[in-house]
Amino acid sequence: MLGVSVTEKPPMTSDDILIMAYYSLSLFVVGGVDLGTPIGGPNIARAFVWMAYFGAPILAATTLIDVLLRALAPQSWELKRLRGHVVVVGPGELCLSYLRVLRKHNPSVPVLVVCREIEQSAEDEIRQSFDAKVVIGDITHKFFLSQLKLKRAAKILLLCEDSLRSYEAASIITTQVPNIGHKVIVHCGNLRFMRAMMSTRVAQECQTFNTYHLAASGLVRTHLMKQFEETKPKDIVVLAGFGRFGQTILEELQARALDEMDTVVIIDTDAHRRILVADEQMAFKRDYRLVLIDGDISHPETWTEVRQAVELNSPDTVVVLGTGREEDNLRTALWLKQKNPKAKIFSRSSKESEFATEVAQEKDIIGISITQLVEENIPLDWVQV
């Protein structure tokens, strides 16, 4: 358009923009060989065309070389210059929760997600939604660990579903890289195993946690403590379901609100055995009245036993339906609220549910999800790197 032409005289100075675009794009294929050399027009315009003559094939060649290198050694090419990065092991829901929180606080830090195997859709989500690199390998393999540049990593989160594998990886990492333990965060899904490992070197050097601890501490701090502050007499707490979530709620209540509880009612199909196991690990305090009921939360007779032990329809009563059966939790919460409108009732789900949230708002119950509680209570020093 500035008047520069070429020696082979194709119609580059045509008024048709498509023709000019076609010949311009051909530079990336033939580099100007079939077009001849630039002639005519102002010197600066001719200089721009010469730059395109040399730059186009160089750019094309560089792109091709980069593709070839990635194809021949994709992981080593991506990993060799990493510094100040975050390594997350395990592509499950906990990994996604952590990545969501991390990107809110630190959108630019390099992230490696390590897993043994992963579905293509899950890999695409991690790459596109969180701008993270996915690396396939065994986190307990010493040579593979050496490729992750752990010495230069800002944080290392071992979020494997297999608790023993996480501890094994932490042991290898802290042995390979001295004084790195403060950067290593280990998730343990098995509460009994985590409590049993508390005195080990790995647990003392690294940070260990359980998702239910994060969720329970958030529930107690943001919901139950508010309830206790609003009610003058001591409260009645009903824990319907005494698995990992129920146990950690009671553990947090003992640590934060021991003086606020008059009675704790525990409902579970195996309540007496579970309290013995938990008591062995946590040494429960007995500054409150403890009522154990072996029963199913879906059975009306179970709640008849509860009513015989405590007053359900009271502003001082909190019921947490925390079993792993989400449908039973929600249905029982609605039924209990209808029978006991003064009580404060919580219904647990694993993931956030728009439907459950809508129903909870309509029926004046409180829906809580493990995923939401975990994301709200991930420590800031895990994401501010």
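Numbers here are sequence positions counted from 1.
Under 4.0 Å is where a charged nitrogen must lie from a carboxylate oxygen, and between R289 and D262 no such pair does. Salt bridge absent: K234 and D316 never bring a charged side-chain N and a carboxylate O closer than 4.0 Å. Under a 4.0 Å N-O distance rule, the pair D328/R325 qualifies as a salt bridge. Ion pair D124/R127 not flagged as a salt bridge, since none of the NZ, NE, NH1 or NH2 atoms sits closer than 4.0 Å to an Asp/Glu carboxylate oxygen. Salt-bridge formation is not detected for the pair E326/R348: no Lys NZ or Arg NE/NH1/NH2 atom is positioned less than 4.0 Å from an Asp or Glu carboxylate oxygen. Using a 4.0 Å cut-off between a side-chain N of Lys or Arg and a carboxylate O of Asp or Glu, E251 and R195 qualify as a salt bridge. The pair E327-R331 does not meet the salt-bridge criterion, since no charged nitrogen lies less than 4.0 angstrom from a carboxylate oxygen.
For the atom pair CE (M194) and OG1 (T208), the distance works out to 5.5 Å, reported to the nearest 0.5 Å. Note that CG of L250 and CD1 of I266 are 5.5 Å apart. Values are rounded to the nearest 0.5 Å. L330 contributes atom CG, which lies 5.5 Å from atom CD1 of I365 (distance to the nearest 0.5 angstrom). To the nearest 0.5 angstrom, I370 atom CD1 is 11.0 Å from S97 atom OG. With rounding to the nearest 0.5 Å, the separation of CG in L239 from CD1 in I297 is 12.0 Å.
With no hydrogens or angles considered, no side-chain donor-acceptor pair links D296 and T269 at under 3.5 Å. If you check the side chains of Y98 and E375, you find no donor sitting under 3.5 Å from an acceptor. One side chain, E376 or Q372, offers a donor N or O that lies under 3.5 Å from an acceptor on the other. There is no side-chain donor-acceptor pair under 3.5 Å between Q384 and N106. In this structure, a donor-acceptor pair under 3.5 Å is present between the side chains of R201 and T174.
Counting heavy atoms of neighbouring residues, nucleotides and ligands inside a 6.0 Å radius, atom CG of L276 exceeds 12 of them. Other residues, nucleotides and ligands contribute at most 12 non-hydrogen atoms within 6.0 Å of the CZ atom of F48. Counting heavy atoms of neighbouring residues, nucleotides and ligands inside a 6.0 Å radius, atom NZ of K363 does not exceed 12 of them. In the displayed structure, E161 atom CD is contacted under 6.0 Å by at most 12 heavy atoms of other residues, nucleotides or ligands. Enclosure of atom CD in E301 is not indicated, since only 12 or fewer non-hydrogen atoms of other residues, nucleotides or ligands lie within 6.0 angstrom.
The hydrophobic clustering, which links ILVMFWY residues whose side-chain heavy atoms are closer than 4.5 Å, places I293 and V237 apart.
The nearest pair of heavy atoms linking S347 to A333 is CB-CB, 4.0 Å. Of all heavy-atom pairs between W303 and A240, the closest is CH2-CB, 4.2 Å.
Proximity of C115 to V134: side-chain heavy atoms (C-beta onward) are separated by under 4.5 Å at one or more points. The shortest side-chain heavy-atom distance between V135 and F144 falls under the 4.5 Å cut-off.
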Could you walk me through whether T323 and N329 pass the side chain to side chain donor-acceptor pair (under 3.5 Å) check?
CA-CA 7 Å; T323 73; N329 291 340; 2.6 Å; yes

For Y212 and Q247: C-alpha separation, side-chain torsions, deciding distance, then whether side chain to side chain donor-acceptor pair (under 3.5 Å) applies.
CA-CA 9 Å; Y212 291 101; Q247 291 177 31; over 6 Å; no

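N313 contributes a side-chain N or O that, together with a main-chain N or O of K342, makes up a donor-acceptor pair within less than 3.5 Å. A distance-only check finds no donor-acceptor pair linking the side chain of H299 to the backbone of G295 [under 3.5 Å]. Remark: side-chain polar atoms of N190 are paired, donor with acceptor, to backbone N or O of F193 under 3.5 angstrom. With hydrogens and angles disregarded, no donor-acceptor distance shorter than 3.5 Å links the side chain of S171 to the backbone of Y167. Remark: the backbone N or O of C95 is not paired with any side-chain donor or acceptor of R100 at under 3.5 angstrom.
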Side chains of residues 182-189: which donor-acceptor partners sit under 3.5 Å, not counting sequence neighbours?
from : atom 1 : to   : atom 2 : distance (Å)
H182 : ND1    : N179 : O      : 3.3
K183 : NZ     : A153 : O      : 3.0

